[in-house]
Amino acid sequence: MGKAERKRWSEDFSEWYNELIEVAGIQDKRYPVKGMNIWLPYGLKIMRNIEKFIHAEMERTGHEEVLFPALIPETEFQKEAEHIKGFEGEVYWITHAGLDPLDVRLILRPTSETAMYSMFSLWIRSHADLPFKVYQIVNVYRYETKHTRPLIRVREISRFFEAHTAHDSYEDAERQIKEDLEIFDRLAKFLALPYIVSKRPEWDKFPGAYYSVGAEVMMPDGRTLQIGTMHNYRQNFAKAYNIQYETETGDHEYVHQTTFGMSERLLAAVIAVHGDDRGMVLPPTIAPIQVVIVPIPKKDSEADVFAYARELAEELRTAGIRVHVDERDIRPGRKYYDWELKGVPLRIEVGPRDVEGKKAVLARRDTLEKITVERDNIVGEVRKTLDAIHENLYQRAKEFLEGHIKRVDTIEEAKAVFEDRRGIVEIPWCGEEECGLKMEEELDAKMLGIPYPEEDAKAPEGKKCPVCGREARFIARFARTY
RNA sequence: GGGGCCGUGGGGUAGCUUGGUCUAUCCUGCGGGCUUUGGGAGCCCGUGACCCGGGUUCAAAUCCCGGCGGCCCCA
């Protein structure tokens, strides 16, 4: 794994993370409202690069972008019983306009189902309108009562992605979930993030959903972070919001619906999963600066390292690489630390020796290794190295994830995992809620669910549920979560 | 849901127990100058803070109440 140390990263992750968010210029947490932070330019640029990919994927898969208002009337919000039960404890209410109380109170959207679906019932008329696929990236508000954490648990999720679809059958909705998983997989590869997908247990599905699926990554401290969800609503919302279409035979049917959700947690995952003691390590795909060139001037040298650096930069820029020349009047060492903290994947150092010998020194952020290359091959070498960095980040994270998944047969073994290095425990389960909740309590962990797709979720022959002793039907996953 | 700790320049802190030279400490950052430049060099000058509101008192960073904000533990 190279010489990059990840001691503080792994042993004191919480503090490492909090500090890094600020010093690396991602967010300023000092805004005086709990759980609402300010995006700083550098952090926002990274997030925008992630979103660019998401927009492209939406375009590719035929989703149209929309923008709904942030306010939802109480009357719309209350139409789906389970949904309101799930969210009423954490919505912000708007009760007054100026000095007057509102006749119909408004909520700040915690998610947009209830804002969108009354409109869906107006828009969707015929089977020809289906499948109907829209998405938006907006801010949503949830009054979190647990302690907040930047990008991870916030009261204003400022980059909330939500795709909403409507279909003429359960099967077509299922096909949509598959497509969502494929999109998610492409995004995860783009971010060099290995992940697992689980079907949530009944007691933890999204309020109003028929079933929910969640994608998790492994954080440095062995806890998991959910970074994507897909829900099949069946006709639950369609019935509550009267979303019907006319079939080819003239009958009226309720649509089947799905949603797919993600947020700035994607960035949190990138920062946490790939980081090390020196700061962030950004995958080249989303790094605002992919290559930083640091000129190393020498007092009694004729060589113009600055001109040489600019020349290299121009050539790389022309080749489509995001490059920056750091010409600040400070010592080179200081610059190295700055850009390492900010996660720039590749640094090029050019001093008088390099100018004279027509060379350049490439320093990788992930492994901290340095190699000297010929100036004439610079574009090829940089491309090759950026690719290698991306691949290495993915492999390193994959090993970490896989090394933190353990399959056990008993509660005792599972407990031992959580006492030791944590991670994800896979344990046989009969499928009964009572036994699942019992295990959550015993392990002081959450059931993520069963592996998805469900073909992978079946328990091997002869395995017993460690709580009730009956034949196990599934493999259930448990973890401490964020 | 229950309990505890905390809030001092941009960041990190000393001071609070026992109110009074606190005109508030130190490190860092930031602006300027000299000097330096293959991994955070040094020196000099400058800059900048007691979360908000109320109370007690001759006197509040310090004590009390409330609010806002942050952190931790338990369920």
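Worth saying up front: this structure is predicted, and the values here are computed from it rather than measured. In what follows, every chain begins at residue 1, and chains take the letters A, B, ... in the order their sequences are listed.
- Rounded to whole angstrom, the span from the CD1 atom of A/Ile330 across to the P atom of B/G31 amounts to 10 Å.
- To the nearest whole angstrom, the two P atoms, one in B/G9 and one in B/C52, are 10 Å apart.
- The residue from A/Tyr211, A/Phe87, A/Phe237 that alone fulfils the ring pair (Phe, Tyr, Trp, His ring centres under 6.0 Å) condition with A/Phe206 is A/Phe87.
- A tilted orientation is assigned to the rings of A/His404 and A/Phe400, their planes being inclined by 30° to 60°.
- In this structure, of B/U37, B/C72, B/G69, it is B/G69 that holds the atom nearest to the side chain of A/Lys34.
- If you take atom C1' in B/A14 and the same atom in B/C50, they sit 13 Å apart, rounded to whole Å.
- Mapping A/Tyr336 and A/Asp444 onto RNA chain B via the closest heavy atom, the residue that lands nearer the 5' end is A/Tyr336.
- Rounded to the nearest Å, the gap between the P atom of B/A24 and that of B/C51 is 16 Å.
- We find that the ring of A/Tyr337 and the base of B/G40 stack, their centres lying under 5.5 angstrom apart and their planes tilted less than 30°.
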As a quick check of understanding, evaluate ring pair (Phe, Tyr, Trp, His ring centres under 6.0 Å) for A/Phe478 and A/Phe418, giving each step before the final call. CA-CA 10 Å; A/Phe478 290 85; A/Phe418 287 122; 7.8 Å; no
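- Rounded to whole Å, atom C1' of B/G70 lies 17 Å from atom CD of A/Glu144.
- Counting any heavy atom pair closer than 4.0 Å across all strands shown, A/Asp354 reaches a base atom.
- Taking every heavy atom of both residues into account, A/Lys342 and A/Leu282 meet most closely at O-CD1, 3.6 Å.
- We find that CG of A/Leu40 is positioned 13 Å from P of B/G11, with the value rounded to whole Å.
- Distance from the side chain of A/Pro297 is smallest for B/U37 among the nucleotides B/U37, B/G70, B/G11.
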Could you give me the CA-CA distance, side-chain angles and deciding distance for A/Arg383 and A/Gln290, then say whether side-chain hydrogen bond (donor to acceptor under 3.5 Å, both in side chains) is met? CA-CA 10 Å; A/Arg383 281 205 177 116; A/Gln290 294 170 309; over 6 Å; no
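- Looking at heavy-atom distances under 4.0 Å, A/Arg30 makes contact with sugar-phosphate atoms alone, never a base.
- Rounded to whole Å, atom C1' of B/G69 lies 12 Å from atom OH of A/Tyr143.
- Remark: the separation of the P atoms in B/C63 and B/C26 is 23 Å, to the nearest Å.
- Checked options A/Arg109, A/Arg142, A/Arg155, A/Glu156; the residue passing with A/Tyr92 is A/Arg155 (criterion: side-chain contact (heavy atoms from CB on, under 4.5 Å)).
- A/Gln136 and A/Ser112 share a side-chain donor-acceptor pair at under 3.5 Å.
- Under the 3.5 Å distance criterion, the side-chain polar atoms of A/Glu264 are matched with a main-chain donor or acceptor of A/Ser158.
- Within the nucleic acid shown, A/Asp28 has no heavy atom closer than 4.0 Å to any nucleic acid atom.
- With hydrogens and angles ignored, no donor-acceptor pair closer than 3.5 Å exists between the side chain of A/Glu22 and the base of B/G10.
- For the pair A/Arg328 CZ and B/C30 C1', the computed distance is 14 Å after rounding to whole Å.
- Under the side chain to side chain donor-acceptor pair (under 3.5 Å) criterion, A/Glu433 pairs with no residue, sequence neighbours left out.
- Using a 4.0 Å heavy-atom distance criterion, A/Val23 is classed as making no nucleic acid contact.
- When heavy atoms are screened at a 4.0 angstrom cut-off, A/Glu340 is found touching base atoms of the nucleic acid.
- As rounded to whole Å, 14 Å separates atom C1' of B/G11 from atom CG of A/Asn18.
- Going from the P atom of B/A60 to that of B/U21 covers 11 Å, rounded to whole Å.
- Annotation: B/G48 and B/G69 have their C1' atoms spaced 22 Å apart (nearest Å).
- If you check every strand for non-hydrogen atoms under 4.0 Å, A/Arg347 touches a base.
- Within the 4.0 angstrom heavy-atom criterion, only backbone atoms of the sugar-phosphate kind lie near A/Gly35; the bases stay farther away.
- The two residues A/Glu426 and A/Arg477 come nearest to each other via the heavy atoms OE2-NE, 3.0 Å.
- Nucleotides B/C16 and B/U62, compared at atom P, are 13 Å apart to the nearest Å.
- With rounding to whole Å, A/Asp329 atom CG is found 12 Å from B/U35 atom C1'.
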Detail all sub-3.5 Å separations between protein N/O atoms and N/O atoms belonging to nucleotides 41-46 of chain B.
{"unit_1": "B/A41", "atom_1": "OP2", "unit_2": "A/Arg331", "atom_2": "NE", "d": "2.1"}

A correct dot-bracket answer for RNA chain B, with pairs being Watson-Crick or G-U at under 3.5 Å, [ ] for crossing pairs and | for inter-strand pairs, is (((((((..(((.......[.....)))((((((.......))))))...(((((..]....)))))))))))).
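- When every heavy atom of A/Leu386 is checked against every heavy atom of A/Pro284, the shortest pair comes out as O-CG, 3.4 Å.
- Atom name P, nucleotides B/U13 and B/C65: the rounded distance is 25 Å, in whole Å.
- A straight line from CZ of A/Arg155 to C1' of B/G70 spans 12 Å, rounded to a whole angstrom.
- Annotation for A/Lys438: atom NZ does not count as buried by contact number, only 12 or fewer foreign heavy atoms lying within 6.0 Å.
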